[in-house]
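Each remark here refers to the structure printed beneath this line.
Just so you know, these numbers use all the heavy atoms, side chains as well, and skip hydrogens, waters and symmetry mates.
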Amino acid sequence: MRLIRGFLLALACLAGLAVAPPARAADDPAVKTVQTLYASYESALKGGSRDVKARFEAIAGSMRESFDFAGMVRVAVGPKWKSLTPDQQSALTDAFAQHFIATYATRLSEAIGGKFDVNPKSETRGGSRVVRTRVANASGDDSDVDFVVNAQGRIQDVLLNGNVSEIAAQRTSFAEPLKAGGPDALLKFLRERTDKMLAVKPAP
């Protein structure tokens, strides 16, 4: 009888392990990073930030905390990064961050009235974690937006619809100015595009 009771107790313990709930978002630093980022997006939209510049100012702080801009621009520039001076690297990192934030401030206009859903459990990918999310607009049209988060809890890439890498796209767009005029041309390219995005006014 004692053996039977012990066997049943062991089964009960195994059953408890089998139905253990997944890790909560609060226990997953990668998920927490994305949730904090999305909270700033939602706050900007609810706060009535209709023009790009206002949304830029509303989300800039959170994006600088959430994204590894230094690592992202290094990958986007490619092998030429190593040949740049520290001052050039610093200037390009700042210009890249400004450009990236302005890009997302622009895109947020499509999410007005919509919602952001974050999968509460990230997935392992090499030394990073992938946080899967879905973004819907007011009409209900949605897209998959996945965030690649490094071991330090900073976002290092964004995958649109599961496979379109933001950094790969940036690297492609950087190739021409880099070839034409090196880091100075790329710096001008980034600053001009950022200024153009921030100058856009909302439709009346």
Side-chain angles (χ1 to χ4, degrees), residues 29-30 33-34 36-38 40-41 44 52-53 55-111 122-133 135 143-200:
T33 294
V34 176
T36 300
L37 177 68
Y38 273 172
S40 74
Y41 290 173
V52 177
K53 189 172 183 179
R55 288 196 296 270
F56 176 97
E57 293 172 351
I59 67 176
S62 178
M63 288 193 70
R64 287 187 180 278
E65 291 179 2
S66 301
F67 284 84
D68 177 16
F69 287 128
M72 292 167 72
V73 69
R74 183 172 62 248
V75 174
V77 171
K80 291 184 179 180
W81 182 260
K82 294 181 179 179
S83 66
L84 306 184
T85 67
D87 285 345
Q88 288 174 324
Q89 291 178 350
S90 178
L92 280 173
T93 298
D94 183 64
F96 175 82
Q98 295 281 100
H99 177 265
F100 202 90
I101 296 168
T103 298
Y104 273 76
T106 300
R107 290 179 183 172
L108 275 179
S109 63
E110 301 173 9
S122 64
E123 303 170 11
T124 302
R125 180 175 297 182
S128 304
R129 309 286 300 180
V130 175
V131 180
R132 301 196 181 279
T133 80
V135 180
S143 300
D144 292 326
V145 181
D146 301 336
F147 293 84
V148 183
V149 183
N150 63 24
Q152 289 71 47
R154 306 288 292 277
I155 298 167
Q156 61 187 33
D157 200 0
V158 184
L159 307 177
L160 306 178
N161 293 318
N163 58 10
V164 181
S165 164
E166 283 272 30
I167 297 306
Q170 296 282 353
R171 187 166 185 170
T172 299
S173 68
F174 290 178
E176 186 174 340
L178 276 172
K179 183 178 180 180
D184 290 339
L186 178 57
L187 188 61
K188 181 181 178 181
F189 170 82
L190 288 169
R191 288 174 173 171
E192 287 181 348
R193 289 189 63 175
T194 299
D195 290 343
K196 186 175 181 180
M197 285 187 282
L198 295 180
V200 173

*V135 versus Y41: any side-chain heavy-atom pair under 4.5 Å?*
no
*Between W81 and V73, does a side-chain contact (heavy atoms from CB on, under 4.5 Å) hold up when you go through it step by step?*
CA-CA 9 Å; W81 182 260; V73 69; 3.7 Å; yes
*Below 4.5 Å, heavy atoms only, C-beta onward: do V149 and R154 meet side chain to side chain?*
no
*May I ask you to test the V34-T133 pair for a side-chain heavy-atom distance under 4.5 Å?*
yes
*CG/L186 to CG/L84 distance, rounded to the nearest 0.5 angstrom?*
9.0 Å
_Taking every non-hydrogen atom, the tightest pair across T194 and H99_ = OG1-CA, 3.1 Å
*Determine whether more than 12 heavy atoms belonging to other residues, nucleotides or ligands lie under 6.0 Å from atom CZ of R125.*
no
*How about E123: does its CD atom have over 12 heavy atoms from other parts shown lying under 6.0 Å from it?*
yes
*Closest heavy-atom contact between F189 and S173?*
CZ-O, 3.9 Å
*First locate atom OG1 of T33, then atom CZ of F147, and finally report the distance between them rounded to the nearest 0.5 Å.*
10.5 Å
*Determine whether M72 and Q170 make a side-chain contact, defined as any pair of heavy atoms from C-beta on separated by less than 4.5 Å.*
no
*Can you spot which of V145, V164, V148 makes a side-chain contact (heavy atoms from CB on, under 4.5 Å) with L159?*
V148
*Gap separating the OG1 atom of T106 from the CG atom of L198, nearest 0.5 angstrom*: 7.0 Å
*Pair R191 + D94: basic N to acidic O under 4.0 Å*: no
*asked:* Does V158 form a side-chain contact (heavy atoms from CB on, under 4.5 Å) with F67? I'd like the steps, not just the answer.
replied: CA-CA 10 Å; V158 184; F67 284 84; 3.9 Å; yes
*If every non-hydrogen atom of M63 is compared with every non-hydrogen atom of F69, which pair is closest and at what distance?*
O-CE1, 3.6 Å
_If you compare all heavy atoms of S165 against all heavy atoms of D157, which two are closest, and at what distance to 0.1 Å?_
OG-OD2, 2.6 Å
*Taking atom CD1 of I167 and atom CD of Q156, what is their separation to the nearest 0.5 Å?*
9.0 Å
_Does any part of the side chain of Q152, heavy atoms only, come nearer than 4.5 Å to the side chain of D68, both counted from C-beta?_
no
*Kindly say whether A30 contributes a backbone atom to a donor-acceptor pair with the side chain of R129 at under 3.5 angstrom?*
no
_Here's one to test your reading of the geometry: is the NZ or CZ of R171 within 45 degrees of the ring axis of F174 and under 6.0 Å from its centre?_
no
_Using side-chain heavy atoms (C-beta onward) and a distance below 4.5 Å, is T103 in contact with M197?_
yes
*For the student: nearest non-hydrogen atoms of A105 and R55, plus distance*: O-NE, 2.7 Å
*asked:* Tell me the closest heavy-atom pair linking A95 and L187, and the distance in Å.
replied: CB-CD1, 3.5 Å
*So do V77 and F96 actually touch side chain to side chain, heavy atoms under 4.5 Å?*
no
*Calculate, to the nearest 0.5 Å, the distance between atoms CG and CG belonging to L92 and D87 respectively.*
11.0 Å
*Are L160 and S143 close enough that some pair of their side-chain heavy atoms sits under 4.5 Å apart?*
no
*Checking S40 side chain against L37 main chain: does a donor-acceptor pair fall under 3.5 Å?*
yes
